[in-house]
Asks: 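My questions all concern the structure below.
Residue indices begin at 1 and follow the sequence shown.
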Amino acid sequence: MNPLLELTRIVQAVAQASGQAEQVELIVESIHRAIGVDVCSLYISQPDHSMLLAASHGLDPRSVGHSLLPEGTGLVGLAARSRHPVNIAEAASHPDFRYIAETHEEEFHSFCGVPLVRSGEVIGVLVVQAREARLMSEEELAFLVTLSAQLALALPAEPQQFSNALSTTRQVRGVKGAPGIGIGKVQTCDQFDLYSVSDKPCSDPEATLKRWYSLLEQVSREVEEERCALGADVSESVAAVFSAYQMLLSDNHLREGVAERIRAGQWLPGALRQTVQHFADIFLAMEDPYLRARHEDLYHLGNKLYSAWHGEDNTVPADGSGPVVLVGSKVSVSDIASCDPDRLQGIVCFEGSALSHTAVLANALGIPAVMGTGTLKSLNDGDPIIVDGNFGQAILHPSASVKKEFRRLQQADRTLQGELAELVNEPAVTTDGEQLRLFANTGLLADISPGIANGAEGVGLYRTEMPFMVSETFPSEDEQEYIYRQVLEAYAGKPVYMRTLDIGGDKPLPYFPIIEDNPALGWRGIRFCLDNSSLLMTQLRAMLRAAGDADNLRILLPMVSNTGEIDKLRALLDDALEQLAEEGIAVRRPPVGIMVEVPAAISLLPTWASRIDFISIGSNDLSQYLLALDRNNPRVAAAYDHLHPAVLREVARIARFAQDSKLPLSLCGEMASDPAAVLVLAGLGIRTLSMSASKIPRIKWLLRSTAAGEAATLAGQVLAMEDAASIREALQANLRERGLGRLLGDQ
């Protein structure tokens, strides 16, 4: 046996398995073959810390999924509580031995149990047994210990749910796409996959080019028909999604990118795949989750073009009756538009994120959605399914009792949504009269309307990267001005905080590649912009022209870490204002502020007080930099929490400075929409929060049910605590005591 090759093969096979049941079977079978033992079993920790026999090669198969060892019981329990391998030649002679009759293990003498530990917690125990009374060799034990460490990372995030995986009803975790609960039958999508197209030569480039341009016109008509199919009274946010697709269809870089590849001898589907994949991969490689999600839009559009070229429709059949849930790797906007809205109860995407256009549309239409579940190969058309968008989960093959419970939750959820809808036009005022402002984060034209519809009082973070990402050259001043003007006009009379181009090593441009060993600490944000001052000047001019003589533009500088960066930006802004005045364009000087994302900025705030007009805390990056934790890294993500005492104390420090210096302060990021965190932020005196549009109603309800004075007392208490878990527990307990548990998902 080559240990390294066997380790690699087993871990890769487990990681690629389609479901939990298949994973555990692969583990025990692979180890059985690798080291030639008579028995290999996997026990999985349950919520009460008992150990469930999840899979076994050698023990009675009828005991799998049923045999349960109470916490700390038997040799399995010994391995779990000691967090150390237990290697015994004669198991029955050990004082901790416990015989489980249903497994029929009496014929096996030796026992070796190795704990599986992830994030400091024992999630299971791997056991091998043999008929002969012998100790596992040092080589065998080392193999099992090494494999256990890797398997602990490869197994699902919640291995205690294996008990569900082994039954008919299955719970599958994903990402919250759109809130609500939907119950129906599976309707699969994804009949075509552009990415599976192979390269082939083009026999007639000229005819193919004509077909390509004709195809663009055909699909453009179909997109418009799909928009109309949703009804004349469709919301602006829904219409904007379809407008974004029309913009992509008319984009010269997509049109000519495919055309150039056709002229080079590639057949149309291959040219389309290469072009779409080129731009989609650029977005997919980005760390910013919002920009990364844009690759899905390109995939959907490419798939629609490919389906149209095929001469077939890649949409949901209109026949049938009863409620349906659309299921597929990437359920498209076209799939949603072509489904009878009276039947559509939910959406489940194997891939994707809460920031995709699919999720945006689902939110706008009020359709529960769960994204990123991983492939669900066991699902077929007509299978019963429940979509729980509140918790980001799907329930496959639910039993009658499970359906009954979710129908009760569904009704409770509808009641809450009705209550929240009544607050859209109400201010976010605490019970003791303190008013807060709730802003929306956005970056796409399609995302503008949901903020307004949910009662946003402005835009707290407008990401300006999009025009740069969808182009093969730097966008012109006119192109940028056109986009910025639409945002500013949509929020006329309300502040719009436009972040200058936050591009660099973590978000490379397709036409300006940057390769760095550590992009998070590299050439990005304001550093990149100042080193490319002509680009920044063009962007500043576009922003100023878009705002004209209106007073709602605010310019926000990302990743600021030294005084010179602010001074250089102010000098460029002075130049831009002077240039436009000389050109006879009426503009006014907008307020300029910084995003506090780099810890160094906190200490320098007193130095900058006379140079800036406001402060915005970028809670996501600030938390990651303070904790030196990448929340997207599965090995350390569990330790990431913006309620960490170090994060809260630094936020409190910034808030005190802002109050003393009378500088307006806002906070954006996930912290702004976390009900537990909002209690602390309100208590610290932060009066402006910016978040995803869909989160605004719930946070407004929280604030209108909370006294600022009580929040201040609570903030003082948690700031004295020593760990994030205790802080979160205390804050959630407060919410539940005040009847606000529904904000945490309680029903």
Asks: Pick one: which of R738, R736, E737 meets side-chain hydrogen bond (donor to acceptor under 3.5 Å, both in side chains) with N734?
Replies: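 Going through the options one by one, the only one that passes is R738.
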Asks: May I ask you to check whether S673 and R698 show a side-chain donor-acceptor distance below 3.5 Å?
Replies: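 Side chains of S673 and R698: no pair found under 3.5 Å.
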Asks: How close do L573 and L540 get, counting heavy atoms only, and between which atoms?
Replies: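 Reported closest heavy-atom pair: N-CD1, 4.1 Å.
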Asks: Counting only N and O atoms by type, is there a donor-acceptor contact under 3.5 Å from the side chain of N390 to the main-chain atoms of P179?
Replies: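 Not at all, since once roles are kept as given, no pair shorter than 3.5 Å links the two residues.
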Asks: Do I615 and W608 have side-chain heavy atoms sitting under 4.5 Å apart?
Replies: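 Counting from C-beta outward, I615 and W608 never come under 4.5 Å.
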Asks: Please identify each residue that fulfils side chain to side chain donor-acceptor pair (under 3.5 Å) with Q539, with sequence neighbours left out.
Replies: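 If we apply the side chain to side chain donor-acceptor pair (under 3.5 Å) test to Q539, skipping adjacent residues, the hits are T464, Y484.
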Asks: Between R545 and R485 (side chain of the first, backbone of the second, donor and acceptor by atom type, cut-off under 3.5 Å), is there such a pair?
Replies: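 Flag not set: sc R545 to bb R485 has no pair under 3.5 Å.
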Asks: With a 4.0 Å cut-off on N to O distance, would you call R463 and D502 a salt bridge?
Replies: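 Looking at R463 and D502, the cut-off is not met.
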Asks: Do N620 and E670 get their side chains close enough for a donor-acceptor pair, meaning under 3.5 Å?
Replies: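 Short answer, no.
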Asks: Does any N or O in the side chain of T688 come within less than 3.5 Å of the main-chain N or O of S666, such that one atom is a donor and the other an acceptor?
Replies: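 Absent.
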Asks: Is any side-chain heavy atom of L553 closer than 4.5 Å to one of M543?
Replies: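 Counting from C-beta outward, M543 and L553 do come under 4.5 Å.
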Asks: Would you mind listing every side-chain hydrogen bond (donor to acceptor under 3.5 Å, both in side chains) that reaches into residues 713-723, with sequence neighbours excluded?
Replies: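 Passing the test, one end in residues 713-723: D723-S726.
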Asks: What's the spacing between L684 CG and L719 CG if we round to 0.5 Å?
Replies: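 With rounding to 0.5 Å, CG (L684) is 6.0 Å from CG (L719).
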Asks: Do K176 side-chain atoms and V370 backbone N/O form a donor-acceptor pair below 3.5 Å?
Replies: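 Not at all, since once roles are kept as given, no pair shorter than 3.5 Å links the two residues.
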Asks: According to side chain to side chain contact (heavy atoms under 4.5 Å, CB included), who are the partners of N562, at least two apart in sequence or on a separate chain?
Replies: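 N562: side chain to side chain contact (heavy atoms under 4.5 Å, CB included) contacts with E565.
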Asks: Provide the full list of side-chain hydrogen bond (donor to acceptor under 3.5 Å, both in side chains) pairs with a residue in residues 597-606, sequence neighbours left out, each pair given once.
Replies: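 Residue pairs with at least one partner in residues 597-606: S603-R653.
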Asks: Checking N441 against S690: is there a side-chain donor and acceptor pair closer than 3.5 Å?
Replies: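 Yes, a side-chain donor-acceptor pair sits under 3.5 Å.
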Asks: Is the shortest side-chain heavy-atom distance between V459 and F439 below 4.5 Å?
Replies: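 They are not in side-chain contact.
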Asks: Quick check: does any side chain N or O of D388 sit under 3.5 Å from a backbone N or O of Q393, one acting as donor and the other as acceptor?
Replies: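 No, the answer is negative, given that no donor and acceptor are paired below the 3.5 Å cut-off.
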Asks: Holding to salt bridge (Lys or Arg N to Asp or Glu O under 4.0 Å), I want the full list of residues that pass it with R687, two or more places apart in sequence or in another chain.
Replies: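 With sequence neighbours excluded, R687 shows a salt bridge (Lys or Arg N to Asp or Glu O under 4.0 Å) to E434, given in chain and number order.
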Asks: What residues, two or more places apart in sequence or in another chain, satisfy side chain to side chain donor-acceptor pair (under 3.5 Å) together with Q732?
Replies: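 Checked Q732 against side chain to side chain donor-acceptor pair (under 3.5 Å); zero matches.
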Asks: Can you name the residues that form a side chain to side chain donor-acceptor pair (under 3.5 Å) with R728, not counting sequence neighbours?
Replies: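 Applying side chain to side chain donor-acceptor pair (under 3.5 Å) to R728 gives D641, D674.
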Asks: How close do V587 and L544 get, counting heavy atoms only, and between which atoms?
Replies: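 Taking V587 first and L544 second, the nearest heavy atoms are CG1-O, 3.4 Å.
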Asks: Tell me, do M498 and V487 make a side-chain contact under 4.5 Å, heavy atoms counted?
Replies: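 Answer yes - side chains close enough.
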Asks: Would a distance-only check, ignoring hydrogens and angles, find a side-chain to backbone donor-acceptor pair under 3.5 Å from E457 to L438?
Replies: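 The answer is yes, because a donor-acceptor pair under 3.5 Å joins these two groups.
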Asks: Please identify each residue that fulfils salt bridge (Lys or Arg N to Asp or Glu O under 4.0 Å) with R588, with sequence neighbours left out.
Replies: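 Scan of R588 (salt bridge (Lys or Arg N to Asp or Glu O under 4.0 Å), adjacent residues dropped) gives none.
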Asks: Kindly say whether I566 contributes a backbone atom to a donor-acceptor pair with the side chain of R611 at under 3.5 angstrom?
Replies: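 Not a single qualifying donor-acceptor pair exists.
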Asks: Search all heavy atoms of S623 against all heavy atoms of S619 and return the closest pair with its distance.
Replies: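 Closest pair (atom of S623, atom of S619, distance): OG-O, 2.7 Å.
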Asks: Which atoms form the tightest heavy-atom contact between G458 and K494, and what is the distance?
Replies: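 Looks like CA-CB, 4.0 Å.
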Asks: For a side chain to side chain contact (heavy atoms under 4.5 Å, CB included) with P697, tell me which candidate from L702, L420, V424 qualifies.
Replies: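 Only one option passes, and that is L420.
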Asks: For A600, check side chain to side chain contact (heavy atoms under 4.5 Å, CB included) against everything at least two apart and list the hits.
Replies: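 Listed in chain order: V598.
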Asks: Please enumerate all residues that pass salt bridge (Lys or Arg N to Asp or Glu O under 4.0 Å) together with E419, with sequence neighbours excluded.
Replies: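 Only R742 meet the salt bridge (Lys or Arg N to Asp or Glu O under 4.0 Å) criterion with E419.
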Asks: Quick check: do V387 and I181 have side-chain heavy atoms less than 4.5 Å from each other?
Replies: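 V387 vs I181: side chains apart.
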Asks: Which residues satisfy the ring pair (Phe, Tyr, Trp, His ring centres under 6.0 Å) test with F614, sequence neighbours excluded?
Replies: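 Checked F614 against ring pair (Phe, Tyr, Trp, His ring centres under 6.0 Å); matches are Y497.
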Asks: Just to verify, what does R589 make a salt bridge (Lys or Arg N to Asp or Glu O under 4.0 Å) with, not counting sequence neighbours?
Replies: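 Once residues adjacent in sequence are excluded, the partners of R589 under the salt bridge (Lys or Arg N to Asp or Glu O under 4.0 Å) criterion are D574.
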